[in-house]
K.L.:
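Before anything else, here's the structure in question.
Chain letters run A, B, ... following the sequence lines, proteins first, then strands; residues in each count from 1.
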Amino acid sequence: MKYHFNEIETKWQKFWAENQTFKAKNNSDKPKYYVLDMFPYPSGAGLHVGHPLGYIASDIYARYKRHKGFNVLHPQGYDSFGLPAEQYAIQTGQHPAITTEENIKTYRRQLDQIGFSFDWSREVRTSDPNYYKWTQWIFIQLFESYYCKDTDQARPISELVEVFLVEGNSRINAACDDDVEVFSAQDWNNFSSEKQQEILLQYRLTYLAETEVNWCPALGTVLANDEIVNGVSERGGHPVVRKKMTQWSMRISAYAERLLQGLETIDWTESLKETQRNWIGKSVGASVKFNVISTEQSNEKSHSINVFTTRPDTIFGTSFMTLAPEHELVSIITTLEQKSDVDAYIEATAKRSERDRMADVKTISGAFTGAYAEHPFTKEPIPIWIGDYVLAGYGTGAVMSVPCGDQRDYDFAKHFGIEIPNIFEGVDISEEAFADKEKTVIANSDFLNGINYKEATKKVIEGLEQLGQGEGKTNYRLRDAVFSRQRYWGEPFPVYYVNGMPQMIDAKHLPIKLPEVEKYLPTETGEPPLGNATVWAWDVKQCSVVSNQLIDNETVFPLELNTMPGWAGSSQYFNRYMDPHNNEEIFSQESINYWQQVDLYIGGSEHATGHLLYSRFWQKFMFDKGLVPVDEFAKKLINQGMILGTSAIAHRINGGYYDYAGEFNEDLDVHFENIFNEDFTNRIVSWDLLEGKLIEEAIAGEKYKLTNVFRKSDVEEFFDGSQFDVEKITFTTSKIRVPVEDIDLKNHIILEKFTESYSDELYNSDLFKSNGVFTVSREVEKMSKRWANVVNPEDICNDYGADSLRLYEMFLGPLEQYKPWNTAGITGVHSFLKKLWKLYVGENGLNVNDAAPTKDNLKTLHKTIKKVEEDIESFSFNTSVSTFMIAVNELTAQKSTSKDILEPLLVVISPYAPHIAEELWSQLGHSESISTAELPQFDAGHLVESTKNYPISFNGKMRFTLELSLDMNKDEIEAAVLSNEKTKEQLQGREPKKVIVVPGKIVNIVG
RNA sequence: GCUGAAGUGGUGGAAUUGGUAGACACGUUGGACUUAAAAUCCAAUGUCCAUUAGGACGUACGGGUUCAAGUCCCGUCUUCAGUACCA
């Protein structure tokens, strides 16, 4: 009987689905274990072999944990709101729900084919109203909460109102907007209702505010900081501009410190934690108030500039101040004489895009405002400058410039000829600033002279506090997250407006369903796509909804037309899996108390500052609300590395040469022959050959025979076999990616295989219109449809089977590592499976019998159990696969047929190759799924050896091995080794100076 | 610049606390089987020298510690990822 993997795999996938083998219960005598994958966005392109890598690893772990006696939760779902479906809708008019549904079907088919042990009964989709009902619900909870810094937790906004009623807000210590005014109880009671709401909005954890946002005109929406890469949108690479807009924001900054501290309690990779730490960007220092010295323009009202500094100890080195060009005081304090300079500079910087500013950090520019500030201690005047090296968005948008201690201030001072006082003892600052805090000894600084950074910082802060000119302060880089998107395919907000103030629609009316629209673009008046909706597909008993408006008691209120961003739905899905069908609560307390948190989370590192930060924020909020028992949602997290694709790249070389008549011809494509002694006739040499070593050799003056040099305009006519001097040939090259599947193993593209369906650029290029076969070079890069280098797991499953795919993806290398895919290598694991099959099933049926296992059999089995268990626990799945191969090779050589060996071996292999394991398991006479079997116990007794093959080294170099009993002590071993013939041969009569014997390990003779 | 990770055969990668470097595969070469191919099996395969026996060199580079270093220490280089006028 042969190994018919297709039949076997279909059979068991069906069995698992019909028997709900992997359905998890919310209670059990067994300990619980929750293994989670980051759920996919179902894109139109379907899965490629890179996607399932993490799913395979987590599936192996989940199956392993079941064998170890755990009640395992291993769910899967879809992050199904998002831009691509909407963009497709804009182009085709197809409703995003329809394309999303189709894509999910494809994903599900592909996932099922790989044999995952997901509990599909718990599937969630973020675009499902029964799911996003709870996303909206959390939004309402955030709106109804503020962050109390005294208790360090979120608390109901109603508590705040109670305090305002009796004593105003002067004693409130809460996370809020910077510009909250101070008011008394009396003030509060006299405020209009709108004014009160406005104030409360400044405290809420989700709030509406006019903020400068990242506006992406091409996408027609705002983007969060983490959705922008190198100044352009992450999706599509469109330019992004700063724009003031009224938007919903999440007050994640309130949680900055807890998000930072929480990292210490979770087992995530160091690099990922470091990325989050950088993003949170905590810096400890002081805020200092510099009073502006009154001038004619500003003497009516005294102004002051607040700065944040991490080096208060250097305050006596301040020789100027710098404001961001956008700083609100600039226009107020600038003197008449300097006004034209300053205005010109502001205009010039405003013209520069974010990207230009980022690209050009070397150029020093700025302007003097003509105004001066007063040094808080010396009372000396300090000139106030503006410069675009100071960012409006960080700190206060103003700095005290200490050129001797900060390189940017130093460069600025040098450039504009500002004095650079030295306040460091024994340091030369004639060339550059001195920024080493640890080595700092302060000088020329009044009461700070002779002390170090730490002490000086303390003293300055004390001094500032006495003067009322500043205080110790911690600053975070983490900004509040913009939560509004001008998009259709996202969660609608449960919000309507009364006199311009946002109101929550009562939670009992949730979900607020996404309305149907005619078109998915913004309205003619520039409103988001939801503005196109005439009838909202939701029905509220007390209020009806018509034309984007909520009508309550015949009063008409406008609805919020923005939708929530992509990360809204993914910020709590992991908890929803615990109780996915609950319509009364987001999840029952019973279920969350049982499953607690994710024990193992596997996904890509690209979510480090997005999903993984926002989810931690929501989890902490839910913890404060008493909804979840732990404030970190994932105990352990592993980032799987990317599987890279190998793109095939044909290189087109456009060249010019001097012909016989000495005339220069540039309208040529050039093909080489005799490079590296290969025949390149009708082929084109690769980029590497030309760019690298070869072109250098060529330039050195060697002659190359060029063949097939043909004119682009007339491919039929070519020069053949002529000698050209390559010194006179110039080249430009261009790359063309070729679909990988149309290249043979020798890297040849066969022209006959070309069809119109390939890219026009490729098909129409002269290169491919000529006769023959072309070589291409390979380049390893991200697997993507765009690069024509994707490998579909369905093809692999059809050709080699899901078990081969699973084993091979693991065998490729360590999970976290980036590694290239190479389909050719899969034959290794595939033939392993065939050997495994042959070990159990011979030509005439089962090979397994009740024969007693030999000592060797037991040794092989138990060392396999030990190694594989260790490997899985340490997530080195690649070495397990090698271990299986060794085990099967050994047992085959031992001609093992013993059921006592082969049956437990199947259980060890089954997490990796579950289909073949199930099939053989059932052939061995079991009616229950192998997933219910217990993992065999490792017995160290079977690995005990009586002898050891000692490596015998001379001066650290291994020369031969010697089999000796493990009972022998050091002296006995030494005697045995020294009396050995080979030892004498090595020593050639010399006396060994020293003999190192490590019993059970090694012998080293120093001579 | 800063932070993090890494650098081992032709390729992917092994090597638990310093103790036989290159497990396990891919690829390549040779052989068996076959009319042939596929499949399967066997052998060889780090580099160099040597007919063999064997030897020299080898884990990015330069030092060091040690009986012994891919592994530990110091310095340098390179690659990848993240981040960046963050005051």
K.L.:
Who passes salt bridge (charged side-chain N to carboxylate O under 4.0 Å, His left out) against Glu963(A), sequence neighbours left out?
P.N.:
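With sequence neighbours excluded, Glu963(A) shows a salt bridge (charged side-chain N to carboxylate O under 4.0 Å, His left out) to no residue whatsoever.
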K.L.:
Does any pair with a residue in residues 994-1006 of chain A pass side-chain hydrogen bond (donor to acceptor under 3.5 Å, both in side chains), and if so which ones, sequence neighbours excluded?
P.N.:
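Found none.
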K.L.:
With sequence neighbours excluded, tell me which residues meet side-chain hydrogen bond (donor to acceptor under 3.5 Å, both in side chains) with Lys834(A).
P.N.:
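Not a single residue meets the side-chain hydrogen bond (donor to acceptor under 3.5 Å, both in side chains) criterion with Lys834(A).
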K.L.:
Could you tell me which residues satisfy ring-ring contact (aromatic ring centres under 6.0 Å, His included) with Tyr410(A), sequence neighbours excluded, listed by chain and number?
P.N.:
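Tyr410(A): no ring-ring contact (aromatic ring centres under 6.0 Å, His included) contacts found.
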K.L.:
Please list, chain by chain and in numerical order, all residues satisfying ring-ring contact (aromatic ring centres under 6.0 Å, His included) with Trp268(A), sequence neighbours excluded.
P.N.:
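Trp268(A): no ring-ring contact (aromatic ring centres under 6.0 Å, His included) contacts found.
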K.L.:
If rA43(B) has a Watson-Crick or G-U wobble mate with both distances under 3.5 Å, name it; if not, just say none.
P.N.:
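Across all strands, the one nucleotide that pairs with rA43(B) is rU29(B).
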K.L.:
Can you check nucleotides 66-71 of chain B for protein contacts, nitrogen or oxygen pairs under 3.5 Å, and list what you find?
P.N.:
residue: rC67(B); atom: O2'; partner: Asn1004(A); partner atom: ND2; Å: 3.0
residue: rC67(B); atom: O2; partner: Asn1004(A); partner atom: ND2; Å: 2.9

K.L.:
Quick check on rC85(B): is either OP1 or OP2 less than 4.0 Å from any side-chain nitrogen or oxygen of Gln407(A)?
P.N.:
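For rC85(B), neither OP1 nor OP2 has a side-chain N or O of Gln407(A) closer than 4.0 Å.
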K.L.:
Who pairs with Ser831(A) by side-chain hydrogen bond (donor to acceptor under 3.5 Å, both in side chains), at least two apart in sequence or on another chain?
P.N.:
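Ser831(A): no side-chain hydrogen bond (donor to acceptor under 3.5 Å, both in side chains) contacts found.
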K.L.:
Does anything in residues 307-315 of chain A come within less than 4.0 Å of RNA chain B? Heavy atoms only, and list the residues if so.
P.N.:
Phe308(A), Thr309(A), Thr310(A)
K.L.:
For Thr823(A), what residues pass the side-chain hydrogen bond (donor to acceptor under 3.5 Å, both in side chains) criterion, not counting sequence neighbours?
P.N.:
Trp821(A)
K.L.:
Tabulate protein N/O versus nucleotide N/O from nucleotides 25-32 of chain B, keeping only pairs under 3.5 Å, one per line.
P.N.:
residue: rA25(B); atom: OP1; partner: Asn889(A); partner atom: ND2; Å: 3.0

K.L.:
With sequence neighbours excluded, what pairs up with Arg408(A) under the salt bridge (charged side-chain N to carboxylate O under 4.0 Å, His left out) test?
P.N.:
Asp406(A)
K.L.:
What does the list of N/O pairs under 3.5 Å between the protein and nucleotides 43-49 of chain B look like, with a distance for each?
P.N.:
none

K.L.:
Can you find a side chain N or O atom of Arg408(A) that sits less than 4.0 Å from OP1 or OP2 on rC86(B)?
P.N.:
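True: Arg408(A) side-chain N/O within range (under 4.0 Å) of rC86(B) OP1/OP2.
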